[in-house]
Peer 1: 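A single structure is presented below for examination.
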Amino acid sequence: SRKIREILIGLQLLETKNYHLITKEELNERMNDETDVIPLQNALGEHNHLRNAILPSLLKTLSLNQHHEYPQNLFEIGRTFRPGDSETGVLETEKLAMVTCHATTDFTQMRQLFGSLMQSLGLHVTVKECDHPSYIRGRVGNVYVNDTKIGIIGEMSPSVLENWGLVVPVVAMELNL
């Protein structure tokens, strides 16, 4: 992950670090997503769920930093959590998420950033169009290495941007590492 960080910083992205805890609203409702989330038992505050994706944290960061100038191109490497067959009932996954946020960002720009990263890592990937409620139909695809799905890339849907109070287009990508 150190090499990935160095490559992305070289591509003019800023690294962020967010908490693993987030609200269910931020994980599901604001993302137009119904993926299972893991609530904490005996949580004291509203941030009472383990994140199952990094992207909601990056959108929250963009939402809270709209007063700063654009472009805002961010990435985060961190852990996500999902229900699974383990001693604790929780499986941890290391992921990379990237967002580009400015008036002229589009799928092509993210695809070029992603392509540069993959080429630098010596990986050959393919992107196959898919549907996902967080993204604009026709501008989203699943990412594969060989025949294994490792992530998703696409332009965020206007309803997701509105849910976060964002008025500038956002293109995003999230991958399992």
Side-chain angles (χ1 to χ4, degrees), residues 4 7-16 18 22 24-37 51-66 68-78 80 82 93-121 123-177:
I4 293 170
I7 293 166
L8 293 176
I9 290 168
L11 292 170
Q12 306 299 305
L13 278 84
L14 296 174
E15 184 174 16
T16 64
N18 289 289
I22 193 166
K24 183 175 182 181
E25 177 201 1
E26 291 166 340
L27 287 171
N28 288 120
E29 288 87 5
R30 289 192 185 189
M31 299 301 294
N32 297 339
D33 194 11
E34 295 299 321
T35 306
D36 286 341
V37 294
R51 67 181 180 179
N52 57 8
I54 296 175
L55 189 51
S57 299
L58 289 179
L59 290 173
K60 183 175 184 176
T61 299
L62 291 172
S63 178
L64 294 171
N65 286 282
Q66 293 184 74
H68 292 290
E69 70 180 70
Y70 292 96
Q72 292 184 27
N73 301 328
L74 309 174
F75 76 95
E76 180 175 348
I77 296 172
T80 61
R82 60 186 167 84
T93 305
E94 190 85 7
K95 290 191 176 187
L96 161 67
M98 299 183 339
V99 292
T100 58
C101 179
H102 56 87
T104 59
T105 192
D106 60 10
F107 184 87
T108 302
Q109 180 191 21
M110 180 59 77
R111 188 70 174 93
Q112 289 169 341
L113 285 169
F114 177 60
S116 296
L117 173 63
M118 293 297 108
Q119 185 176 3
S120 297
L121 295 173
L123 296 173
H124 176 72
V125 298
T126 56
V127 177
K128 296 179 184 171
E129 190 173 325
C130 69
D131 281 333
H132 190 286
S134 296
Y135 298 87
I136 297 173
R137 179 171 279 145
R139 297 186 197 169
V140 57
N142 287 322
V143 178
Y144 295 86
V145 171
N146 300 322
D147 288 326
T148 304
K149 180 184 166 192
I150 63 164
I152 192 164
I153 183 172
E155 292 185 38
M156 302 307 301
S157 79
S159 63
V160 169
L161 297 179
E162 186 178 316
N163 291 344
W164 286 99
L166 293 165
V167 295
V168 177
V170 176
V171 184
M173 183 216 67
E174 186 156 347
L175 301 175
N176 295 335
L177 293 180

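Computed over heavy atoms, backbone and side chain alike; hydrogens, waters and symmetry mates excluded. Note that this is a predicted model, so its numbers are computed, not measured.
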Peer 1: So Phe114 and Val125, side-chain contact (heavy atoms from CB on, under 4.5 Å) or not? Walk me through it.
Peer 2: CA-CA 10 Å; Phe114 177 60; Val125 298; 3.5 Å; yes
Peer 1: Keeping Asn28 on the side-chain end and Thr35 on the backbone end, is there a donor-acceptor pair under 3.5 Å?
Peer 2: yes
Peer 1: Rounded to the nearest 0.5 Å, what separation is found between the CG atom of Leu113 and the CG atom of Leu11?
Peer 2: 6.0 Å
Peer 1: Are the charged groups of Asp36 and Arg82 less than 4.0 angstrom apart, N to O?
Peer 2: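 No, this pair does not count.
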Peer 1: Write down the atom of His102, the atom of Tyr70, and the distance for their closest heavy-atom approach.
Peer 2: CB-CB, 4.2 Å
Peer 1: Please check if the number of heavy atoms outside His68 that lie under 6.0 Å from its NE2 is greater than 12.
Peer 2: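 Counting other residues, nucleotides and ligands, NE2 of His68 exceeds 12 neighbours.
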Peer 1: Hey, what do you get for CG (Asn52) to CE (Met31), rounding to the nearest 0.5 Å?
Peer 2: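 Reported to 0.5 Å precision, the distance equals 9.5 Å.
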Peer 1: Got a second to check how far Lys60's NZ is from Arg30's CZ, nearest 0.5 Å?
Peer 2: 7.5 Å
Peer 1: Answer yes if the side chains of Asn18 and Glu76 hold a donor-acceptor pair under 3.5 Å, and no otherwise.
Peer 2: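 Asn18 vs Glu76: donor-acceptor pair found between side chains.
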Peer 1: Just wondering, are more than 12 heavy atoms of other shown residues or ligands nearer than 6.0 Å to CD in Glu15?
Peer 2: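 Correct, the count exceeds 12.
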Peer 1: Sequence neighbours left out, what pairs pass ring pair (Phe, Tyr, Trp, His ring centres under 6.0 Å) with at least one residue falling in residues 135-162?
Peer 2: His132-Tyr135
Peer 1: Under 3.5 Å, which donor-acceptor pairs link side chains of residues 165-177 to any protein atom two or more places apart or in another chain?
Peer 2:
residue: Glu174; atom: OE1; partner: Ile54; partner atom: N; Å: 3.3
residue: Glu174; atom: OE1; partner: Leu55; partner atom: N; Å: 2.9
residue: Glu174; atom: OE2; partner: Ile54; partner atom: N; Å: 2.7

Peer 1: Is the closest side-chain heavy-atom distance between Lys95 and Arg51 below 4.5 Å?
Peer 2: no
Peer 1: Less than 4.5 Å apart, any side-chain heavy atom of Asp131 and any of Arg137?
Peer 2: yes
Peer 1: Quick one: CG on Leu59 to CG on Asn163, what's the gap to the nearest 0.5 Å?
Peer 2: 10.0 Å
Peer 1: For residues Pro56 and Leu27, report the shortest heavy-atom separation together with the two atoms involved.
Peer 2: CG-CD2, 4.1 Å
Peer 1: Taking all atoms of both residues into account, what is the closest heavy-atom pair of Ser157 and Ile136, and its distance?
Peer 2: CA-CG1, 3.7 Å
Peer 1: Measure the CG-CG distance between Leu14 and Asn65 for me, rounded to the nearest 0.5 Å.
Peer 2: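 The CG atom of Leu14 sits 10.5 Å away from the CG atom of Asn65.
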Peer 1: Would you call Val99 and Thr61 a side-chain contact if the rule is heavy atoms closer than 4.5 Å?
Peer 2: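 No. Closest side-chain heavy atoms not under 4.5 Å.
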Peer 1: In Å and rounded to the nearest 0.5 Å, what is the CD1 to CD1 distance from Ile9 to Ile4?
Peer 2: 12.0 Å
Peer 1: Search all heavy atoms of Glu29 against all heavy atoms of Glu25 and return the closest pair with its distance.
Peer 2: OE1-CA, 2.7 Å
Peer 1: Are more than 12 heavy atoms from other residues, nucleotides or ligands located less than 6.0 Å from atom CD of Glu162?
Peer 2: no
Peer 1: Would you check if Thr100 and Pro71 make a side-chain contact, meaning some heavy-atom pair closer than 4.5 Å?
Peer 2: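 When only atoms from C-beta onward are counted, Pro71 and Thr100 do not touch, as no gap falls below 4.5 Å.
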Peer 1: Side chains of Val160 and Pro133: does their closest heavy-atom pair fall under 4.5 Å?
Peer 2: no
Peer 1: Quick check: closest heavy atoms across His124 and Thr126, and the distance to 0.1 Å?
Peer 2: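 Heavy atoms of His124 and Thr126 come nearest at NE2-CG2, 4.1 Å.
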Peer 1: For Gln112, which residues count as a side chain to side chain contact (heavy atoms under 4.5 Å, CB included) partner, sequence neighbours excluded?
Peer 2: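 Counting only residues at least two positions away or on another chain, Gln112 forms a side chain to side chain contact (heavy atoms under 4.5 Å, CB included) with Thr108.
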Peer 1: Determine yes or no for a side-chain-to-main-chain donor-acceptor pair under 3.5 angstrom, with Gln66 supplying the side chain and Ser63 the backbone.
Peer 2: yes
